[in-house]
Amino acid sequence: MKKLLEVKDLNISFHTFAGEVQAIRGVNFDLYEGETLAIVGESGSGKSVTTKSIMQLLPPGNSEIKAGEILFNDKDIVKASEKEMQKIRGKDISMIFQDPMTSLNPTMTIGKQIMEPLLKHRKLSKAEAKERALKLLDLVGIPKPEIRIKQYPHQFSGGMRQRVVIAIALACTPKVLIADEPTTALDVTIQGQILDLMKELQKRIETSIIFITHDLGVVANVADRVAVMYGGKIVEIGTVDEIYYNPQHPYTWGLISSMPSLDTTEEELYVIPGTPPDLLNPPKGDAFAPRNPYAMKIDLEEEPPMFKVSDTHYAATWLLHPDAPKVEPPLAVKERMDKFQEKQAGSLNGGK
Ligand SMILES: Nc1ncnc2c1ncn2[C@@H]1O[C@H](COP(=O)(O)OP(=O)(O)O)[C@@H](O)[C@H]1O
Ligand SMILES: [Mg+2]
């Protein structure tokens, strides 16, 4: 598969009154054509900052890309001018955010808002842009597009607004769609519908998707690969199956344990004890060590490299060092893995 985007050794800091917040500390990943890559991690782990940098949408006042490259079409986005970015944003790379209301203009019909990028980037005539807008509304599952196209955002429900936002993002058939927690602000039923739509779109369009979420539970059916972020780094990356069936990093174990259970809602949700690292003073060793019941002495002293588990699976934990004691994932994780496997098997038999 062809690489579309290469993020190499990305380091990003924020300059604040309290000092330098080292938000992103050496992030590396590739995005391939047509794939969906999920980026998962607790709030504050650096998911949004990483992806905003791909769009050059970091706050200009206090953010600084200290090092790294973001290669897109062999061009380094880090070095691109604002003029070059305006040609890329919304055309080659688009982004959708958590809250659909803030991404829409309340004073403009949604038809105009979908047509805007088409008129700007694709130089279509008004009639052509309208035709395409109607098709896009249909694509994202909005009934009666001819009527809806003339309406304003407030006439749409939250879920329908998010569909409109997705239609705008897809208008110019971008190469990359970044979806930053696109379902987090929606209620559970609507969340499911938007996830189904993303899954459906993934099959029907060729766009690669970066899907950001704090909930590992939602990505199993949407993503091809998963990157787990912690404290401004990717600590584990692999295919969905590798992350769910063969997780290696104790932080990934924690995320799996804290997934809402698949068949009961009664039990209390597991929460990983402790708090994320202070990025004003990042720890010397593995940033997860203070929360890691399996931490060894070296975890407090030296940062673990990315150990190779398979050609597609890497994890940054000293537990993978050949000399480390063999540690099995905790029972709760194994139970989740089994349940997950059962559910997958069930949904396959049930003809998905
Ligand atoms: N404008 C900002 N000023 C200072 N620190 C920031 C700013 N934006 C983000 N950060 C810091 O960067 C880190 C990563 O944030 P973010 O990428 O938004 O996390 P996530 O999306 O994973 O929840 C956090 O520690 C956050 O406090
Ligand atoms: Mg975020």
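For ligands, and for the atoms within them, numbers begin at 1 and follow the listed sequence.
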Is it true that some N/O/S atom of Ser48, main chain or side chain, lies under 2.8 Å from the Mg ion (ligand 2)?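 It does; at least one qualifying atom falls short of 2.8 Å.
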
Indicate yes or no: at least one non-hydrogen side-chain atom of Leu10 is less than 4.5 angstrom from one of Ile65.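 They are in side-chain contact.
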
Please evaluate residues Lys135 and Asp138 with respect to the criterion salt bridge (charged side-chain N to carboxylate O under 4.0 Å, His left out), reporting the C-alpha separation (whole Å), side-chain torsions for both, the decisive distance (0.1 Å), and the verdict. CA-CA 5 Å; Lys135 285 215 178 94; Asp138 187 52; over 6 Å; no

Would you give the length of the straight line joining atom NZ of Lys112 to atom NZ of Lys126, rounded to the nearest 0.5 angstrom? 6.5 Å

Rounded to the nearest 0.5 Å, what separation is found between the CD1 atom of Ile243 and the CD atom of Glu236?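 The CD1 atom of Ile243 sits 4.0 Å away from the CD atom of Glu236.
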
Starting from [atom], find the nearest protein heavy-atom neighbour and note its residue, name and distance.
| atom | value |
| --- | --- |
| atom 23 (O) of ligand 1 | Gly44 N, 2.7 Å |
| atom 12 (O) of ligand 1 | Ala23 CB, 3.2 Å |
| atom 9 (C) of ligand 1 | Phe14 CE1, 3.6 Å |
| atom 18 (O) of ligand 1 | Ser48 CB, 3.7 Å |

Evaluate the 4.0 Å heavy atom contact test for atom 26 (C) of ligand 1: does a protein atom fall under the cut-off?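 For atom 26 (C) of ligand 1 the answer is no, since every protein heavy atom stays at 4.0 Å or beyond.
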
Counting only heavy atoms, which portion of Ile24 has something under 4.0 Å from ligand 1: side chain, backbone, both, or neither?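 No part of Ile24 is near ligand 1 at this cut-off.
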
For the 3.5 Å polar cut-off, considering only N or O atoms, please tell me whether [X] and ligand 1 meet it.
| X | answer |
| --- | --- |
| Ser45 | yes |
| Val49 | yes |
| Pro59 | no |
| Gly46 | yes |

Could you walk me through whether Glu84 and Lys75 pass the salt bridge (charged side-chain N to carboxylate O under 4.0 Å, His left out) test, one step at a time? CA-CA 11 Å; Glu84 289 171 305; Lys75 219 178 133 57; 2.8 Å; yes

Could you tell me which atoms of ligand 1, counted from 1 in the order shown, lie closer than 4.0 angstrom to a heavy atom of [X]?
| X | answer |
| --- | --- |
| Leu279 | 25 (O) |
| Ser43 | 23 (O) |
| Asn62 | 3 (N) |
| Thr16 | 4 (C) |

Flag, side chain of Asp299 to backbone of Met296, donor-acceptor distance under 3.5 Å: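 Such a contact is found between Asp299 side chain and Met296 backbone.
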
Only one of Ile54, Leu177, Thr51 passes side chain to side chain contact (heavy atoms under 4.5 Å, CB included) with Ile93, and that residue is Ile54

I'd like to know if the side chain of Tyr230 pairs up with that of Arg291 as donor and acceptor (distance under 3.5 Å, no hydrogens or angles considered). yes

Check the side chains of Ser45 and Glu42 for a donor-acceptor pair under 3.5 angstrom, ignoring hydrogens and angles.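 No, no side-chain donor-acceptor contact under 3.5 Å.
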
Quick one, Lys297 with Glu301, criterion salt bridge (charged side-chain N to carboxylate O under 4.0 Å, His left out). Give me CA distance, side-chain angles, the key distance, then yes/no. CA-CA 7 Å; Lys297 192 160 159 271; Glu301 290 162 359; 3.6 Å; yes

